[in-house]
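The structure under discussion appears below in the form of structure tokens.
Because the structure is a prediction, the values reported are computed rather than measured. Starting from 1, each residue takes its place in the sequence as its number.
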Amino acid sequence: MVSIHRYLQYQLSGLVLLIGLAFTMGGYAFMSRVAEDDAVKSLRSMTGESGYVLDQLLQPPTTLLKLLVNVPDLKTGKEEDWMLRLPAQASILQDNKMLSSVYVAGPQGQFLLLRTLHSDWDRKRFDAPDHAHWLVQLQRLHPSEGEDQVWVILDGKFQVLERRRVSSFADYDPRTRPWYQASHEKDGVLRTAAYTFHATGKTGITLAKHMGNGWVMGMDIRVDSLETELTRLAQANAAHIALFEYSGAIVSADRQDASMTEFLKGMVHASAASASQSFDWLFDHKGESWWVGTADIHIENYEGLKLHVAVPKDKLLAKPRQLRNTLLAVTLLITFLTLLITRRTAMRISSVFQTLAERADALIHFDFKAFASTKTIITEIAQLEAGLEQTRTTTSDFLRLLEKVSREADPEKLLPLVLEETTKVAQGESSWLYIHDGSEWQLRAERGTGNQHDWLNTWLAMPQTARSAMVQSQSATGHYALMLPLQGRRGQLLGLLVIDRQSPFSEQHQNFVETLSGFAALSLESREAIAQQKQLFESFIKLLAEAVDAKSPHTGGHCHRVPVLTEWLVELAATRDAPCVAGFQLNEELREAVHIAAWLHDCGKVVTPEYVVDKATKLETLYDRIHEIRMRFEVCKRETELAAWRSAFPQGLPADASAQVKAALDAIDQDFAFVAESNLGSEYMSPEAIQRLRQIAARTWTRTLDDRLGISREESDRRAMLAPVALPVQEALLSDQPYHKIPRPPGQAFSGDNPWGFRMQVPEYLYDRGELRNLSVERGTLTDEERYKINEHIVLTIKMLEALPFPRHLSKVPEIAGSHHERIDGKGYPRAVAAGSLSIPARMMAIADVFEALTAPDRPYKSGKPIAEALDIMRKMAAGGHLDKDLFEVFAQSGIPSRYAETFLNASSHTGGALQ
């Protein structure tokens, strides 16, 4: 091989010397003419620019045609395949306004065409509706339809507007068309001469290419689509521009009218008369002088188009004849010598560079097909060819790896994938990927079962300085291994990548493996970060649930039992074929969302006061006020006894008086026993019981101490609305005082159009601690204010969860967690949503929440129900519209209640008989 600079040096040195001498001797004379030559140079630049613009206009359709001929579905001859590809074909016609149609023709005369209906003229030509956008022409696809064409007219969304048979095109056979016949004889893209289209009567050219097996694909370019661009160029340069065939036929021009016809013929004549020149003068039929420039239009590997530019002579400076003749003589002489010397050299070198240029162009367009070797003898060209081939294989492998990595969402599956692709690129036989968790090494992925040498210990035995970069080592068995430590973005050691084979690794393989190792490091770091974030988030939500449970020893297991039961129920719904869950599908993302929602379903209870959550008696707040009332009863007893002694028998009571005192004291004891029983809230308070409370409350006692001493400022402010009274004073035994009503802070209520959609009725007061009010609660122990405070936890849960930026796959967490107190009949809280808006996981959580509450043995105000009794109660709730009836039956008839009892309850005491 010989270097390219020596190859050209010996043959071109004589030419360079001759040109130098010629221009040296004539340089002085020519320098005076440079100013005049600038005008001609600018015109030549304009001509070249015009040619380049036309090249660019015609090149995209040619490239698209090359791509489309490789689509197998386009040469099946089936209507459904062609119609399936319509959006893709339509996008080509939309993006390339020059194209009017794209079509394929088959060996049996099959013809499938998609035509864009650009204008009203097109729609009128094909008798199409005003809103039609596309016309599909089909012929000889179905033998039963005969020779007629079938037209399918489509709107802009490819909806069929009309389908009809057209007999006027029955004699059309694409196999007789010049573009079909000539394309079989040409390897590249065929461009026809300008001709009149059969269907539209318009003039244009056809680009066609053979697809194999007798199939040809073609695209039609209408001449009038070129006129717009030619007109723009002509107006910008005060010129006339026309596109010709080499034969002299006019393809298109910036303006076509009667006055231009003779002028254009003259341009053709001038071009033919001056074949050895690119520029010449032309006299039109009026005798005016024009300067004419010609540029060839190159499309693929065929010729055939010339671009002519004509500028009036008055736009140019007059060139001296002597300068022109001198330049012409010198140019001809130099050109003649150059052609003699360089012809052979250019022919040999240009073919090689043309091949390499095609390879480079293929790489630019992401075409990674293999090319045949040029077998050149020039060292630099051979090196360039080898470099392009290496670039092709490397880029192809790299993009394939990128594609696979981008499609894989699971970090656990990403590591084996990266290891496999890296090993293939490095041509390794075996490979291993070890991860380092900070204390020990673990084998995470491996490929192949070749050499079993312990490369990890080999690497660990190396000095620290040697282990900081990639190392190639050889084992006693003759195997070679690339050992590359994987580091995170902060420099921390994540793992070790080892690739093994029998021969040494080249420098190129080492560089490529080092580059690709970033994928493995990124995968390891992402896997570690995601695992840590999930573990942190899991710990956080469980910590929050434990914090809620820790507020009350009586409900300490609720936030643990409900998530487990909810997940059981959701898994049950995914495995049953009952109609109520027929369309329910449980994937990993929804499973994770249910898990998180179940653990966070009561997170709003963090702000609920413990004394409200754990309120066991009616008078209990921060403490149970029954003790105060007991004290008052005691005082009443003492005052009754003392009053009797002092008024009647200062020296002692007789028997009848003692009996009366005892009867009075017994009545007081009975009244207190009734009040104490009412405080438990275990029985329904009837109107008669409430009336008796009022009668008991009417009893008075004497207060001798000021009740405003030693109280907080807040309570003192509430008592300020009452006027001070003189002591001692007679007061009711039980009372509802204004200062018992705690006002609700501003901002705690919400309007009907609140952004969360809450529909709960907010009580006027935050708390009402009135003694009669609390003791008169008809069912349970909670007042309306306290019940709202309990229910408010779900409001706070929704607000807290909707404020969190959950990722897309966890977007349902707030809905699932915040809907477990909604009802199927739309009367639940806090949103009172209809059944159709409740997801299956939300309905299942509602069932789990009620079931856990009924069976829980750790509530202070009740004992846990047996399983069978709890199911009976829930069945009534389902019938009353509280729970989803169908989902409840799926739950009740499964083994989950028994499983729950065995896991969380004393099964022997809570089963309560056979489960239904």
Side-chain angles (χ1 to χ4, degrees), residues 61 64-96 99-118 122-181 183-184 190 197-200 202 204 206-222:
L64 288 173
L65 187 59
K66 289 174 58 182
L67 295 175
L68 289 175
V69 296
N70 294 317
V71 179
D73 292 346
L74 299 182
K75 57 181 179 179
T76 62
K78 296 180 179 179
E79 179 180 348
E80 57 270 23
D81 291 341
W82 182 256
M83 299 300 285
L84 181 64
R85 293 288 183 174
L86 283 187
Q89 317 289 37
S91 65
I92 293 174
L93 297 180
Q94 289 175 331
D95 295 339
N96 297 268
L99 299 176
S100 62
S101 62
V102 57
Y103 49 86
V104 294
Q108 305 302 322
Q110 303 98 318
F111 186 64
L112 302 97
L113 177 143
L114 174 64
R115 182 184 307 280
T116 177
L117 302 178
H118 283 296
D122 292 329
R123 285 183 278 273
K124 183 178 180 181
R125 172 70 177 177
F126 296 99
D127 194 22
D130 293 340
H131 57 289
H133 283 73
W134 307 101
L135 171 64
V136 177
Q137 297 177 226
L138 307 171
Q139 190 170 5
R140 296 186 182 90
L141 304 186
H142 309 291
S144 61
E145 294 180 353
E147 297 296 317
D148 292 349
Q149 275 196 15
V150 175
W151 288 4
V152 182
I153 301 176
L154 310 171
D155 63 10
K157 296 182 179 179
F158 303 101
Q159 301 297 318
V160 177
L161 301 178
E162 182 181 359
R163 182 184 180 98
R164 65 174 181 262
R165 296 181 62 181
V166 182
S167 58
S168 58
F169 284 78
D171 61 343
Y172 179 81
D173 190 342
R175 294 170 294 184
T176 64
R177 307 300 290 175
W179 53 265
Y180 181 92
Q181 297 172 352
S183 63
H184 287 76
L190 167 73
F197 293 150
H198 183 275
T200 63
K202 294 285 187 177
T206 293
L207 301 180
K209 191 174 189 311
H210 190 255
M211 303 172 71
N213 297 327
W215 286 88
V216 175
M217 170 166 278
M219 295 179 178
D220 287 343
I221 300 177
R222 287 192 349 200

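Here the closest heavy-atom approach between residue E79 and residue L141 is recorded as CB-CD1, 4.1 Å. The two residues D73 and T76 make their nearest non-hydrogen contact at O-OG1, 3.4 Å. Smallest separation of non-hydrogen atoms from P178 and L190: O-CD2, 4.5 Å. In terms of heavy atoms, Y180 sits closest to G214 at OH-O, 2.7 Å. Shown here for F158 and P87, the closest heavy-atom pair between the two residues is CZ-CA, 3.8 Å. A pairwise comparison of heavy atoms in D148 and A170 identifies OD1-CB, 3.4 Å as the closest pair.
A distance of 4.0 Å separates CH2 in W215 from CD in Q110, rounded to the nearest 0.5 Å. If you take CG on L68 and CE on M219, they are separated by 4.5 Å, rounding to the nearest 0.5 Å. We find the CG-CH2 distance between L86 and W134 to be 9.0 Å, quoted to the nearest 0.5 Å. Note: I153 CD1 to H133 NE2 = 13.0 Å, rounded to the nearest 0.5 Å. Separation of atoms OH (Y103) and CE (M217) is listed at 10.5 Å; rounding is to 0.5 Å. Distance NZ/K124 to CG/L117: 15.0 Å, rounded to 0.5 Å.
Residues R140 and Q108 have side chains that never bring a donor and an acceptor to within less than 3.5 angstrom of each other. Between the side chains of S101 and D220, at least one donor-acceptor pair of N or O atoms lies under 3.5 Å.
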One pair to check against side-chain contact (heavy atoms from CB on, under 4.5 Å): M83 and V136. What are the steps and the verdict?
CA-CA 9 Å; M83 299 300 285; V136 177; 4.1 Å; yes
Go through the steps for E80 and K78 under the test salt bridge (charged side-chain N to carboxylate O under 4.0 Å, His left out), then give the verdict.
CA-CA 6 Å; E80 57 270 23; K78 296 180 179 179; 5.0 Å; no
L74 and Q89: side-chain contact (heavy atoms from CB on, under 4.5 Å), yes or no, with the steps?
CA-CA 10 Å; L74 299 182; Q89 317 289 37; 3.1 Å; yes
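Counting heavy atoms from C-beta outward, R164 and D127 have side chains that approach closer than 4.5 Å.
For CG of D171, the number of neighbouring non-hydrogen atoms (other residues, nucleotides, ligands) closer than 6.0 Å is greater than 12.
Between the side chain of Q181 and the backbone N or O of R175, at least one donor-acceptor pair lies under 3.5 Å. At distances below 3.5 Å, at least one donor-acceptor pair connects side-chain atoms of N70 with backbone N or O atoms of K66. With hydrogens and angles ignored, the 3.5 Å screen pairs no side-chain donor or acceptor of R115 with any backbone N or O of Q137. The backbone N or O of Y172 sits nowhere less than 3.5 Å from a side-chain atom of Q149 that would complete a donor-acceptor pair. Of the possible polar contacts, none joining the K209 side chain to the L65 backbone as a donor-acceptor pair under 3.5 Å is found.
Of the options V102, L99, T116, a side-chain contact (heavy atoms from CB on, under 4.5 Å) to I92 is made by L99 and by none of the others. With V152 as reference, V160 is the one residue of L135, L114, V160 to meet the side-chain contact (heavy atoms from CB on, under 4.5 Å) rule.
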